[in-house]
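Remarks on the structure that follows.
For the numbers below, each heavy atom of this structure counts, side chains included, while hydrogens, waters and symmetry mates do not. Chain A is the first sequence line, chain B the second, and so forth, proteins listed ahead of strands; every chain is numbered from 1. Computed from a prediction, not measured in an experiment: that's the story for all the values here.
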2 protein chains.
Amino acid sequence: MPYRRTPRIQARLDTQRAAIVDAATELLAESGYAGCSVAAVAAKAGVSVGSVYRHFPGKAELVAELFRVVVSREVAAVDEASQRPGEITERIVAVIETFAGRAMKAPRLAYALLAEPVDAPVEAERLRFRRAFRDIVADRIEEGVAAGVLPPQDPHITAAALVGAAAEVLIGPLTAENTDSTDTATMPALCTFTLRALGDAHA
Amino acid sequence: MPYRRTPRIQARLDTQRAAIVDAATELLAESGYAGCSVAAVAAKAGVSVGSVYRHFPGKAELVAELFRVVVSREVAAVDEASQRPGEITERIVAVIETFAGRAMKAPRLAYALLAEPVDAPVEAERLRFRRAFRDIVADRIEEGVAAGVLPPQDPHITAAALVGAAAEVLIGPLTAENTDSTDTATMPALCTFTLRALGDAHA
DNA sequence: GTCTATAGTTCGATAGAC
DNA sequence: GTCTATCGAACTATAGAC
């Protein structure tokens, strides 16, 4: 009788795969892509290097999946913030605040997701996820325009601009070597920028 | 007597090197990094593959230099626009218009410079050049704040936001496969966004 | 799993400069 | 005569097809 992967074995493999991705996430948050050597990931996950290659064809695929998993969390958090009740402009600011606040709470990880130079496949993922963020913001802007709260504008263009602005602004503090935990200036500046750019009357 | 590299030979080498970078630039503008194979670059430059390796240790270095040369042009154009006489807000808009206008005139090239997934060394160059653009804008904003034309703000933060916004907005049309040459919407939208974000009273 | 195609790199031969 | 610039075929690695 041929070898069959039993549910029990399958469950263990799934657990192991998750452990590998979790370990890689921690390493990414500590020291970026450079810290995510296959050996380090395997050690942290408590598996052998060979086991890593049982789940991923190579380091590139591991890193790509790692990136997707971690950014998906951010997209979910931002999406949740965008759906909180309240005035439209406040909700859009909440999206930006969530995006930036999470980044500044985990600066090394945020740098890895937003800007750290990596290989082309991960860059392709970056482009994809930026569109996801943009679409979330665009939906809110569209509502605001329809409701007459915001002046007429192309929601996708403004949304792209706001996402690009937030990302670029964050790269500054994130690139500074001495992570200034008392950076109290960036967040309010970004929120003011957002409100003004939207054409909000009260800004 | 040992061989000495004469001025005449040196001049020829310099010409050849420039021809290689020029050829690579054309290929980059036609078909992105994928089109920049060493063989294609050599053929277009009218030299042998081996000669390319006399000037560059490898393809990665060729592409990195190519990137630097082409983006430097853009920085120079934007810097020139920022120094034209006129009202500060107009000059900042001129910077954004120059940045975006040049990109939309050479969309494939702009995509390669702004967003196309490449290797880590080129990504590092991207970060460096974004700071260059940001600093140009920041200087103008600083002037505007000092003159009281713009509301008080951190020039570097706003500048980073504007550069990030412009870049991100451009990626949209640039990524669309059918290059819509009659894209009349993006540029005005970006200018309006910029004026509003600066806190300009007339926006 | 092997085979094929493609792309980066290397290197020995040739021609030309000193 | 020696050294170098140039060439391009051969080599190597890798990705994709069957």
Can you pull every protein N or O that's under 3.5 Å from an N or O on nucleotides 1-8 of chain C?
unit_1, atom_1, unit_2, atom_2, d
C/dG8, OP1, B/Lys59, NZ, 2.4
C/dG8, OP2, B/Val38, N, 3.2

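- Regarding B/Phe56, its CZ atom lies at a distance of 18 Å from the C1' atom of C/dT10, rounded to whole Å.
- B/Arg12 comes within contact range of the sugar-phosphate backbone alone, with a heavy-atom separation under 4.0 Å but no base atom that close.
- To the nearest 0.5 Å, atom CG of residue A/Leu170 and atom CZ of residue A/Arg102 are 13.0 Å apart.
- With salt bridges taken as basic N to acidic carboxylate O contacts below 4.0 Å, none links B/Glu123 and B/Arg128.
- Rounded to the nearest 0.5 Å, atoms CG (A/Asp135) and CZ (A/Arg130) are 14.0 Å apart.
- Between B/Pro7 and B/Pro57, the residue whose closest nucleotide on DNA chain C is further toward the 5' end is B/Pro57.
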Report each atom pair, protein N/O against N/O of nucleotides 8-18 of chain D, whose distance is under 3.5 angstrom.
none

Counting only pairs under 3.5 Å, give me each side-chain donor-acceptor contact of residues 85-93 of chain B, with atom names and distances, residues two or more places apart or in other chains.
unit_1, atom_1, unit_2, atom_2, d
B/Arg91, NE, B/Ser82, O, 3.1
B/Arg91, NE, B/Arg84, O, 3.1
B/Arg91, NH2, B/Ser82, O, 3.1

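- Side-chain atoms of B/Asp183 and B/Thr186 form a donor-acceptor pair, as typed in the model, at a separation below 3.5 Å.
- Shown for residues 61-70 of chain B: no residue has heavy atoms falling under 4.0 angstrom of DNA chain C.
- Here CG of A/Leu195 is found 10.0 Å from CD1 of A/Ile96. Values are rounded to the nearest 0.5 Å.
- Note: A/Met104 CE to A/Leu174 CG = 8.0 Å, rounded to the nearest 0.5 Å.
- Within 6.0 Å of CZ on A/Arg54 lie no more than 12 heavy atoms contributed by other residues, nucleotides or ligands.
- Each of B/Asp154, B/Leu150, B/Leu198 was evaluated against B/Val145; a single residue qualifies, B/Leu150, per the side chain to side chain contact (heavy atoms under 4.5 Å, CB included) test.
- DNA chain C lies under 4.0 Å from no heavy atom of any residue of residues 117-124 of chain B.
- B/Val49 approaches B/Ala39 most closely through the heavy-atom pair CG2-CA, 4.1 Å.
- Note on B/Gln16: only backbone sugar-phosphate atoms sit closer than 4.0 angstrom, heavy atoms only; bases stay farther off.
- The distance from atom NE2 of B/His55 to atom CD of B/Gln16, rounded to the nearest 0.5 Å, is 3.5 Å.
- Among all heavy-atom pairs drawn from A/Ala165 and A/Phe193, the shortest one is CB-CE2, 3.7 Å.
- Listed by chain and number, the residues in a side-chain hydrogen bond (donor to acceptor under 3.5 Å, both in side chains) with A/Ser48 are A/Ser51 (sequence neighbours excluded).
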